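The structure appears right after this line, and notes come after that.
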Amino acid sequence: MIADGVLTFDDKQKQRRYDIAYLKMAAEWGKLSHCERKKVGAIIVKNGMIISDGYNGTPAGFDNRCEGEDGKTMWYVLHAEANAITKVARSTNNAEDATLYLTLSPCKDCSKLILQAGIKRVVFSSLYKDGEGLKLLEEAGIQLEYIENFE
């Protein structure tokens with residue numbers, strides 16, 4: 001039960017179960033990516049409903065190959081969270097006060113999109129090589145939850 005806006009132990013346990021379930025869904029969604037180096041998934045949940053999903057990949061209509069001959073990611077590949085956020089933008093819904101579930105913490109550019117989309121909570125299961133995106137979100141008061149080894 002929530003008393004004075006504070007989650008009880010049971011509420012925290014229930015939220016943790018949901019967080020892990022949504023992270024598992026994001027991981028499954030990431031497996032759809034055609035990228036070889038990393039397969040990243042994203043799920044956006046609002047009011048207990050999944051309102052969007054995404055995985056890293058090329059824009060619609062482009063060849064699905066994400067890496068060049070040198071093995072580096074092509075500059076135009078979209079991150080999973082960018083795909084999920086832009087998918088919401090094309091719908092009649094919005095991400096205001098939503099939770100974003102990611103298999104990889106966001107980069108700087110995606111963190112800006114997260115802020116602009118009105119997402120209030122980000123749950124992720126592994127760390128991106130550059131922590132600047134997380135620093136920006138933390139500065140903005142976005143709730144961050146790192147859950148590793150959730151399987």
Side-chain angles (χ1 to χ4, degrees), residues 12-151:
K12 288 178 184 177
Q13 291 296 96
K14 182 178 179 181
Q15 183 62 61
R16 175 84 172 181
R17 284 196 324 268
Y18 278 102
D19 288 346
I20 290 170
Y22 286 127
L23 281 174
K24 287 179 180 179
M25 288 180 199
E28 280 301 311
W29 206 246
K31 291 177 184 176
L32 296 173
S33 173
H34 293 275
C35 297
E36 298 296 324
R37 281 188 340 104
K38 275 193 175 74
K39 294 183 180 291
V40 182
I43 301 286
I44 300 176
V45 176
K46 181 177 179 176
N47 298 326
M49 295 183 296
I50 296 172
I51 62 166
S52 191
D53 50 52
Y55 52 84
N56 57 321
T58 60
F62 278 66
D63 178 62
N64 284 327
R65 197 180 68 187
C66 297
E67 292 86 11
E69 297 297 323
D70 59 0
K72 292 184 179 176
T73 302
M74 305 290 229
W75 68 269
Y76 52 81
V77 168
L78 292 160
H79 290 182
E81 57 271 52
N83 267 326
I85 290 168
T86 55
K87 194 173 180 180
V88 169
R90 291 178 56 181
S91 76
T92 58
N93 214 331
N94 67 68
E96 190 74 28
D97 298 326
T99 297
L100 172 63
Y101 292 90
L102 290 167
T103 58
L104 184 64
S105 64
C107 70
K108 294 181 280 194
D109 290 327
C110 289
S111 290
K112 292 184 281 186
L113 292 176
I114 291 166
L115 290 173
Q116 290 299 95
I119 292 168
K120 296 296 181 208
R121 185 168 179 257
V122 178
V123 181
F124 55 96
S125 59
S126 60
L127 293 168
Y128 185 64
K129 61 186 173 189
D130 179 0
E132 291 299 312
L134 289 177
K135 286 181 188 174
L136 177 68
L137 294 175
E138 190 173 45
E139 276 180 40
I142 303 300
Q143 184 182 348
L144 302 174
E145 184 84 27
Y146 178 34
I147 301 174
E148 57 181 335
N149 304 319
F150 59 86
E151 291 292 333

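Quick caveat: nothing in here was measured; it's all calculated off a predicted structure.
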Distance-minimising heavy-atom pair for Gly54 and Ala84
N-CB, 3.9 Å
Can you find a heavy atom in the side chain of Leu78 that is under 4.5 Å from one in the side chain of Thr86?
no
How close do Ala95 and Ile44 get, heavy atom to heavy atom, and via which atoms?
CB-CG2, 4.4 Å
Is it true that Lys135 and Glu132 make a salt bridge, defined as a side-chain N closer than 4.0 Å to a carboxylate O?
yes
The complete set of salt bridge (Lys or Arg N to Asp or Glu O under 4.0 Å) pairs with one or both residues in residues 29-50, sequence neighbours excluded, reads Glu28-Lys31
Could you please spell out the steps behind the side-chain contact (heavy atoms from CB on, under 4.5 Å) verdict for Ser125 and Ile147?
CA-CA 5 Å; Ser125 59; Ile147 301 174; 5.6 Å; no
With sequence neighbours left out, write down each residue that passes disulfide bond (SG atoms under 2.5 Å apart) with Cys35, or none if nothing qualifies.
Cys66
Pairs where residues 98-120 contributes a residue and the test salt bridge (Lys or Arg N to Asp or Glu O under 4.0 Å) is met, not counting sequence neighbours
Lys108-Asp130, Asp109-Lys112
For residues 58-65, tabulate all N or O donor-acceptor pairs below 3.5 Å that involve a side-chain atom, not counting sequence neighbours.
from: Thr58; atom 1: OG1; to: Asp63; atom 2: O; distance (Å): 3.0
from: Asp63; atom 1: OD2; to: Arg65; atom 2: N; distance (Å): 3.2
from: Asn64; atom 1: ND2; to: His34; atom 2: NE2; distance (Å): 3.4
from: Arg65; atom 1: NE; to: Glu67; atom 2: O; distance (Å): 3.3

Can you name the nearest heavy-atom pair linking Ile119 to Ala98, along with the distance?
CG2-O, 3.4 Å
Would you please test Leu144 and Glu138 for side-chain contact (heavy atoms from CB on, under 4.5 Å) and show each step?
CA-CA 7 Å; Leu144 302 174; Glu138 190 173 45; 4.1 Å; yes
From Cys110 atom SG to Leu102 atom CG, the distance as rounded to the nearest 0.5 Å:
8.5 Å
Mind checking what makes side-chain hydrogen bond (donor to acceptor under 3.5 Å, both in side chains) contact with Asn56, not counting sequence neighbours?
Ser33
So, taking the atom named CG in Leu100 and the one named CD1 in Ile85, what distance separates them when rounded to the nearest 0.5 Å?
6.0 Å
Indicate yes or no: at least one non-hydrogen side-chain atom of Asp19 is less than 4.5 angstrom from one of Arg121.
yes
Might you point out which heavy atoms bring Leu137 and Pro106 nearest each other, and give the distance in Å?
CD1-CG, 3.7 Å
Show your working on side-chain contact (heavy atoms from CB on, under 4.5 Å) between Tyr22 and Ile50 and close with a plain yes or no.
CA-CA 9 Å; Tyr22 286 127; Ile50 296 172; 3.8 Å; yes
Quick check: closest heavy atoms across Leu32 and Tyr55, and the distance to 0.1 Å?
CB-CE2, 3.6 Å
Would you list the pairs meeting salt bridge (Lys or Arg N to Asp or Glu O under 4.0 Å) in which at least one residue belongs to residues 70-87, sequence neighbours left out?
Asp53-Lys87
Given Leu134 and Phe124, is the side-chain contact (heavy atoms from CB on, under 4.5 Å) satisfied, shown in steps?
CA-CA 11 Å; Leu134 289 177; Phe124 55 96; 3.8 Å; yes
Where do Val88 and Asn94 come nearest, in terms of heavy atoms and distance?
CG1-CA, 3.5 Å
Between Thr103 and Leu23, is there a side-chain heavy-atom distance shorter than 4.5 Å?
no
